[in-house]
Amino acid sequence: MQTYQAEIYVTLRPSVLDPAGTAVQSSLNQMGYDTVSQVRIGKYIQVTLAAANDEQARQQLDRICDQLLANPVIETYRFDLNAVATV
Amino acid sequence: MNVGIIVFPGSNCDRDVAYVTRDILQQPTRMVWHQEDDLSELDLIVVPGGFSYGDYLRCGAIARFSAAMQATALRAQQGKLVLGICNGFQILTEMGLLPGALVRNRDLHFICDRIPLTVERSDLPWTRQYRAGQVITLPIAHGEGCYYADEATLAQLEANRQVMFRYCSPSGDHTEASNPNGSLHHIAGLCNRQGNVLGLMPHPERAADALLGGTDGLALFQSVMQAMVLA
């Protein structure tokens, strides 16, 4: 088994209103950063897991994200996977 | 009518519901701990408001996998009545028992208020004691009550008449100003295609005793009781 660390990014779908992102954007604009045209706020989640290989780790993470970490109705996700140690 | 009210770590409207069904309506009522997996004797399962499992990750996301909710899904498939209020509504959408999702309120505020709603239909067990089009007033208290679904789902909901309650003005108009949280199509509550699962953000249980300033929510529980007697 190989141990992996996954860095998972969950973001709202573009069609879903993000009032928190909108509030931060207008604050940045008020501070003078008028080049900022869009802010979207998401979640960053770290997961450590063991799997036989990269492919199985990715399959497991897809299931984890689909079932719990992201709600496919309103969110999308992506992740980066890094092998950290061999057990 | 055997009533069960699911209690998660973080539920805080469970006893309010029990006060209505057990004390006001005199119906056998039991509290169901989230680890219970046999709900086979219950006619009505209520998933109450609160902050199940601390609302960590997303409201209702973790509750979905509890033994009690898996048993609730089974009862729903068998056609039994399932009512989700506020956090309970969020849990039912997370489970897919109801379509769509509840996201952060449009103006970011947690809203605690009394607001008018239209009762969209009165031909289901939930609302027989109301009139279709009637304007009622119920309390709301939520930070993530903005109903969202994609265009196709919204069209289906409307075509199947699944919208049960909409936010409105005191005169019953569905204006943007009368929409407290930005919900699409002003949706405050909806049912599944079969009509036996209802979810709503407002709290009918907090408007069932005149001492609390309103009784517009009592008819919902009375409607269910009536449906049970007739069944």
* Which class fits the ring pair B:His174 and B:His186: parallel under 30°, tilted 30 to 60°, perpendicular over 60°? ->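 Because their plane-to-plane angle lies in the 30° to 60° range, the rings of B:His174 and B:His186 count as tilted.
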* Measure the acute angle between the ring planes of B:His34 and B:Tyr53, then classify it against the limits of 30° and 60° as parallel, tilted or perpendicular. =>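 Answer is perpendicular, since the angle exceeds 60°.
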* Under the ring pair (Phe, Tyr, Trp, His ring centres under 6.0 Å) test, residues paired with B:His203 that sit two or more places apart ->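 Once residues adjacent in sequence are excluded, B:His203 has no partner under the ring pair (Phe, Tyr, Trp, His ring centres under 6.0 Å) criterion.
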* Most contacts with chain B, counted as non-hydrogen pairs under 4.5 angstrom, among A:Val16, A:Leu17, A:Asn71, A:Thr22 -> A:Asn71
* Going by atom types only, do A:Gln59 and A:Glu55 share a side-chain donor-acceptor pair under 3.5 Å? ->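 Side chains of A:Gln59 and A:Glu55: pair found under 3.5 Å.
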* B:Gln78-B:Arg75 side chain donor-acceptor pair, cut-off 3.5 Å -> yes
* Segment of A:Gln67 engaging chain B (4.5 angstrom heavy-atom cut-off) ->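 Its backbone and side chain both get close to chain B.
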* Asked: Which answer fits A:Ile45, side chain, backbone, both or neither, if we ask what part of it has an atom under 4.5 Å from a heavy atom of chain B?
  -> side chain
* Among B:Leu108, B:Asp107, B:Leu184, B:Thr153, who wins on heavy-atom pairs under 4.5 Å with chain A? -> B:Leu108
* Asked: Tell me, side chain or backbone of B:Asp150 under 4.5 Å from chain A's heavy atoms, or both, or neither?
  -> neither
